[in-house]
Colleague: 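Just passing along the structure, written as structure tokens.
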Amino acid sequence: MSNNNIKINKCLFPAAGYGTRFLPATKAIPKEMLPVLTKPLLQYGVEEAIEAGMDTMAIVTGRGKRAIEDHFDRSYELEHQIDGTSKENLMHEIRNIVDNYTFSYTRQVEMKGLGHAILTGQTLIGNEPFAVILADDLCDNEGESVLSQMTKLYEKYPDSCIVAIEEIPREHTNKYGVISGIEIEDNLFKVDNMIEKPEPQDAPSNLAIIGRYILIPEIFDVIKTTKPGKGGEIQITDALLTLAKQGKVLAYKFSGKRFDCGSVDGFVEATNYFYNKQK
Ligand code: UTP
């Protein structure tokens, strides 16, 4: 069935995970609110979605994540304090976001994995194609953002899911979902296999999925029938494999940089990169 609803308006942000690699920082502060320089990771993600033409941000939160809702809201007392001072401009970007875009939230009650978090977001998405950003994968590109590159591709392939991939060293395959497929265009693969966190000797390639997806609404029904996989969690990679077997998953080797801000090394690297860039 052809999907006529090509424009993607909604971006889903699964942000319910515990962020255990950042304890104790993430004991009371959501990982997605950790700042690279002065901006929380999630705000970078929201700005990327806006740049890609989306107007609705659907956020899956969990216990202890209330700071996310407060960030994407007005803060009258603070704004009143700094209005007319030299600090006013520090709030321009976030104020513009809050005033012009829609934010909706739902809670994942049990952290049963990324696939389950995405299914939890169904109530905010409905029956339309949507984007997913994992805010702890921070992307930057001199030209078009990674998500913009992907939405353009989706216009050409509106019946497929698209996952962003990058080449990684073989010894790191057990940290990612890994795909194999046939290159049908420059940097675009039709996926025939995907495995969540394979050991290097079992990995079908060194092409790893990173935290940017375009998903068709069919994915929700598939997740509902997907059994817990690696780590006992419901994995989006396993659900996507079902669609890949029907020829409905593409993997796109994007242009740009990606920092794994879910790890301390990646977070420090991103901080140095953005610091040097703004100097
Ligand atoms: P990660 O596995 O990187 O996040 O999930 P985590 O579990 O928070 O981190 P660690 O490994 O304990 O340090 C990738 C993304 O999926 C979300 C996370 O919030 C993160 O953005 N996620 C993961 C959920 O929303 N729910 C889940 O059940 C699992």
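As the structure is a prediction and not an experimental result, all values here were calculated from the model. We count ligands from 1, going down the list as the structure has it; atoms in each ligand are counted the same way. Just the heavy atoms: all of them, side chains too, but no hydrogens, waters or symmetry mates, feed the values below.
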Colleague: Determine whether Phe274 and Leu34 fall in the same hydrophobic cluster, where Ile, Leu, Val, Met, Phe, Trp and Tyr are linked whenever their side-chain heavy atoms lie under 4.5 Å apart.
Modeller: yes
Colleague: Answer side chain, backbone, both or neither: which part of Ala117 comes under 4.0 Å from ligand 1, heavy atoms only.
Modeller: side chain
Colleague: Parallel, tilted or perpendicular: which fits the ring planes of Tyr273 and Phe259, with parallel below 30° and perpendicular above 60°?
Modeller: tilted
Colleague: Specify side chain, backbone, both or neither for Asp136, according to which of its non-hydrogen atoms lie closer than 4.0 Å to ligand 1.
Modeller: side chain
Colleague: Which residue and atom name correspond to the protein heavy atom nearest atom 8 (O) of ligand 1, and how close is it?
Modeller: Gly19 N, 2.8 Å
Colleague: Whether the Asn96 and Asn100 side chains hold a donor-acceptor pair (N or O, under 3.5 Å, no angle test) is what I'd like checked.
Modeller: yes
Colleague: Got the closest protein heavy atom to atom 28 (O) of ligand 1, with its distance?
Modeller: Gly113 N, 2.9 Å
Colleague: Gly262 near ligand 1, heavy-atom distance under 4.0 Å?
Modeller: no
Colleague: Based purely on interatomic distance, does Glu233 place a nitrogen or oxygen under 3.5 Å from a nitrogen or oxygen of ligand 1?
Modeller: no
Colleague: Can you find an N/O atom of Gly17 closer than 3.5 Å to an N/O atom of ligand 1?
Modeller: yes
Colleague: Does Glu48 pair with Arg212 as a salt bridge, N-O distance under 4.0 Å?
Modeller: yes
Colleague: Check ligand 1 against Thr20 and write out every atom of the ligand that is under 4.0 Å from a heavy-atom position of the residue.
Modeller: 10 (P), 12 (O), 13 (O)
Colleague: Pick, from Gln108, His116, Arg21, Glu32, the option with the minimum heavy-atom distance to atom 27 (C) of ligand 1.
Modeller: Gln108
Colleague: Can you tell whether the side chains of Glu166 and Lys253 come within less than 4.0 Å, N to carboxylate O?
Modeller: no
Colleague: Checking the N or O distance criterion of under 3.5 Å, is ligand 1 in contact with Ala135?
Modeller: no
Colleague: Is any side-chain heavy atom of His116 closer than 4.5 Å to one of Met111?
Modeller: no
Colleague: Say whether Tyr105 and Glu69, considering side chains only, have a donor N or O and an acceptor N or O under 3.5 Å apart.
Modeller: no
Colleague: In terms of atom number and element, which parts of ligand 1 are under 4.0 angstrom from non-hydrogen atoms of Met111?
Modeller: 28 (O)
Colleague: Are any non-hydrogen protein atoms located under 4.0 Å from atom 5 (O) of ligand 1?
Modeller: no
Colleague: In the protein, which heavy atom is nearest to atom 17 (C) of ligand 1, and how far is it?
Modeller: Pro14 O, 3.8 Å
Colleague: For atom 25 (O) of ligand 1, what's the nearest protein heavy atom and its distance?
Modeller: Ala16 N, 2.9 Å
Colleague: What atoms of ligand 1 come within less than 4.0 Å of a heavy atom belonging to Leu114?
Modeller: 16 (O), 29 (C)
Colleague: Before accepting this row, confirm whether a basic side-chain N of the pair Asp238/Lys227 lies closer than 4.0 Å to the acidic partner's carboxylate O.
Modeller: no
Colleague: Any nitrogen or oxygen of Lys65, side chain or backbone, less than 3.5 Å from one on ligand 1?
Modeller: no
Colleague: When you look at CD of Glu51, are more than 12 heavy atoms from neighbouring residues, nucleotides or ligands closer to it than 6.0 Å?
Modeller: yes
Colleague: Closer than 4.0 angstrom, basic N to acidic O: yes or no for Asp55 and Lys10?
Modeller: no
Colleague: Can you figure out which of Leu134, Ile234, Leu12 has its heavy atom closest to atom 14 (C) of ligand 1?
Modeller: Leu134
Colleague: Can we say Asp136 and Arg258 salt-bridge, meaning some charged N sits less than 4.0 Å from an Asp/Glu carboxylate O?
Modeller: no
Colleague: Answer yes or no: does an N/O atom from Val60 fall short of 3.5 Å to an N/O atom of ligand 1?
Modeller: no
Colleague: Ignoring angles and geometry beyond distance, decide whether Tyr18 reaches within less than 3.5 Å of ligand 1 through its nitrogen or oxygen atoms.
Modeller: yes
Colleague: Applying the side chain to side chain contact (heavy atoms under 4.5 Å, CB included) criterion to Phe13, which one of Val132, Val46, Val60 satisfies it?
Modeller: Val46
